[in-house]
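Below is one structure, written out as structure tokens; comments come after it.
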2 protein chains.
Amino acid sequence: MPGPTIYDVAAAAGVATSTVSRAFSNPTRVNATTRERVLAVATELGYRPNPHARALLSGRNHTIAMVVSDITNPHYFELIRGAEMRARASEYTLVLVNAEESPRVEYEQIQRLASSVDGFVLAASRLPDENLRQIAVQRPVVLMSRELAGLSSVVLDHVQGCRQVVEHLASLGHQDVVYLAGPRNSWMAATRWSALRSAAEALGIRATRIGPFTPRVSQGGAAADGALHAGATAIVAHNDLLAIGVLRRLAQRAVRVPDDVSVVGFDNIFAADLCTPTLTTLGGAHADLGRSAVEILLEAVAPVRTKESAPQVVLPTELVLRGSTGPAARPAV
Amino acid sequence: MPGPTIYDVAAAAGVATSTVSRAFSNPTRVNATTRERVLAVATELGYRPNPHARALLSGRNHTIAMVVSDITNPHYFELIRGAEMRARASEYTLVLVNAEESPRVEYEQIQRLASSVDGFVLAASRLPDENLRQIAVQRPVVLMSRELAGLSSVVLDHVQGCRQVVEHLASLGHQDVVYLAGPRNSWMAATRWSALRSAAEALGIRATRIGPFTPRVSQGGAAADGALHAGATAIVAHNDLLAIGVLRRLAQRAVRVPDDVSVVGFDNIFAADLCTPTLTTLGGAHADLGRSAVEILLEAVAPVRTKESAPQVVLPTELVLRGSTGPAARPAV
DNA sequence: AACTCGACGGCAAGGGGTTGCCAACCTGTT
DNA sequence: AACAGGTTGGCAACCCCTTGCCGTCGAGTT
């Protein structure tokens, strides 16, 4: 069970353990023919270096953790997938952690893993800035869907994206938009709202915010009712799940979409194309987001070139027009 | 950066390192008051045991890997979620690995991780039996959605479930069912087909199989065309993704569902309730499946009671009736 | 032929905990 | 008062690999 060690290989090859070690980790330091022989013996014995022993000394172990604020949200699947693929491409192992929308759980998990992983990708972290900074001191960190001065991050361009959303709605004649806010400690929620508001202001249309709502389908009922009460002709939901919940509730209340009300979501999850009506939403290359985050993290973990300052990457969004948005209803005077 | 070690704590508390070690890992072996003091000093110094050092000796490191045949499939999200939660409850770390539907990738990844994790949950593994057995020799393994004599496993009861499906279709008057098969090396695909066939036989209705198809929405087109060509009035797709693809194609070809053709999927993914028509599907408590798998694995990794033989758990399915199934069309004579 | 220098291999000291074994001590017994 | 037996703490080896340092040896120089 405990496979052959470096000693077994050394004995079998008639060299010292250090030579075996170097044959693997520092090829230039050992004669080519010796190396060849060692490697041959090693494969013959089925030797595999023990990662723990290696990690003990180096402190690094080719493992990174991705912490996700809520693994239930299908939006993250793409991010996770992109991250996983990128990590694997560099032979890094990805540990997946669910924070259950709880800052406390998130923090505890991070601390628990801090000494066993090389770095963190924090997706939509709900932690306060100080905590993030403190964690970044312990280990390299890349934020995802969140920005913080001094830390690396990868986000979609929501300023641009929200403007597209508002312009789209404005061009359909909407004068009144209501934003269904996401969780209180979500950076993304705050960013979307401020971007929406300034875009609305620039275009001279009214924007109001209600919420916060937990971004689940189940919360769509309350959100929809609130939005109707606010009297807007266009609803922009914090994300697609909430938007889908809104669509359901509206159907229940016999409010026609998009005839009476238009609905827009964020994330462009798989289901957005399946619901009825199909959902107009602000998407982006989410797998790229995941890939990019891991790439930056790996650069911080195992620098290839000179160390740069923390990059803050902004990727473009794309507004996906579907069935849930249409011309504004003529106001019932 | 390299936090305080057991030596620092020992020095500060005025005891030997072994005492500190035991204070943490073997509380009965050290005097209660001494222990208290050691722990107090440890927390004061912010000591955290180094997991690598610990793993070096014990070979175990409170980490398990979950290998998923295709992380893109939303079906796995629930499984992953259940597994992640259960692992966390026992303070185990879950490593997520995507096999990209490739046995080779799957095998390589497993081998790469074999020495750094305590055990494996293999979800819908595409590996041949011999490989699985061989891996099980190296590390504890729990199969998910797959059974193999001698190995632990957790599956949904597809014999029962498929009978429900067939009975449902039979009771709607269908005489002719076509099964759109999943990947060739998928145990689940084989199991579903054989369960469907014997259920059909028992009820005296005809069942044919076409495929295999990669279970993606994009493959639904070809699958649907094949099914129509086969002339069945009811289509049972290998999973919901394929079923949704089928629904799309049918809509495109103006085949009415369920008036002309009924469609059934498997897995009850989130989107099954959103597509048009909504999808009848065979589901089950998938999070429980994940939870259960991890539970069994943990028992094998760190036995609490006497070691038992490999349990093979079968959880019940539930047939979720929605809009995509209805009475059989009167045959056009 | 004496000398320099680079290449290569080996020795041994960690890295941070764990654990078998022994010694010291304390308690209670006869 | 001597002794048996149980507790508790310390010593040191060990887990497996990495790496600084040194010694050796052979090739190249003059």
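Residue numbers start from 1 in every chain, and the chains themselves are labelled A, B, ... in the order their sequence lines are given, proteins ahead of strands.
- At the phosphate of C/dG9, OP1 or OP2 sits under 4.0 Å from a side-chain N or O atom of A/T34.
- With sequence neighbours left out, the ring-ring contact (aromatic ring centres under 6.0 Å, His included) criterion links B/F77 to A/F77.
- In this structure, B/E36 places its CD atom where only 12 or fewer heavy-atom neighbours from other residues, nucleotides or ligands lie under 6.0 Å away.
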Pair assignment for DNA chain D - dot-bracket with | for other-strand partners, Watson-Crick or G-U under 3.5 Å = ||||||||||||||||||||||||||||||
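- Nearest-nucleotide mapping onto DNA chain D: of A/R29 and B/T33, the residue sitting toward the 5' end is B/T33.
- Taking atom NE2 on B/H62 and atom C1' on C/dG17, their separation rounds to 15 Å, with Å as the unit.
- Remark: C1' of D/dT18 and CG of A/N61 are 16 Å apart, rounded to the nearest angstrom.
- Here B/V20 lies out of heavy-atom contact (under 4.0 Å) with every strand.
- Every salt bridge (Lys or Arg N to Asp or Glu O under 4.0 Å) that B/R81 has, sequence neighbours left out, goes to B/E78.
- Taking atom CZ of A/R35 as the reference point, atom C1' of C/dA7 lies 16 Å away to the nearest angstrom.
- In this structure, B/N31 atom CG and D/dG9 atom C1' are separated by 10 Å, rounded to whole Å.
- Separation of atoms CZ (B/R139) and OG (B/S115) is listed at 7.0 Å; rounding is to 0.5 Å.
- The nearest whole Å value for the distance from the NE2 atom in A/H52 to the C1' atom in D/dT18 is 17 Å.
- Legend: residues meeting ring-ring contact (aromatic ring centres under 6.0 Å, His included) with A/Y47, ordered by chain and number and at least two apart, are A/F24.
- Considering only heavy atoms from C-beta on, A/T63 stays 4.5 Å or farther from A/S116 through its side chain.
- With rounding to the nearest 0.5 Å, the separation of OG1 in B/T34 from CG in B/L39 is 10.5 Å.
- Distances shorter than 4.0 Å separate some side-chain N or O of A/S21 from OP1 or OP2 on D/dT18.
- Computed from coordinates, the A/N26 CG to C/dG10 P distance equals 15 Å when rounded to whole Å.
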Pairs under 3.5 angstrom, nitrogen or oxygen only, protein versus nucleotides 11-15 of chain C, please.
{"unit_1": "C/dC11", "atom_1": "N4", "unit_2": "A/S18", "atom_2": "OG", "d": "3.2"}

Donor-acceptor contacts, no H, no angles, side chain residues 88-97 of chain A, under 3.5 Å, sequence neighbours left out:
{"unit_1": "A/R88", "atom_1": "NH2", "unit_2": "B/E100", "atom_2": "OE2", "d": "3.0"}
{"unit_1": "A/S90", "atom_1": "OG", "unit_2": "A/R86", "atom_2": "NH1", "d": "2.8"}
{"unit_1": "A/T93", "atom_1": "OG1", "unit_2": "B/R112", "atom_2": "NH2", "d": "3.0"}

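- If you measure from atom CD1 of A/I6 to atom P of D/dT19, you get 11 Å, rounded to the nearest angstrom.
- Remark: P of C/dG17 and CZ of B/R60 are 17 Å apart, rounded to the nearest angstrom.
- You'll find the side chain of A/N131 reaches within 4.5 Å of the side chain of A/Q134, heavy atoms only.
- Note on B/R48: only backbone sugar-phosphate atoms sit closer than 4.0 angstrom, heavy atoms only; bases stay farther off.
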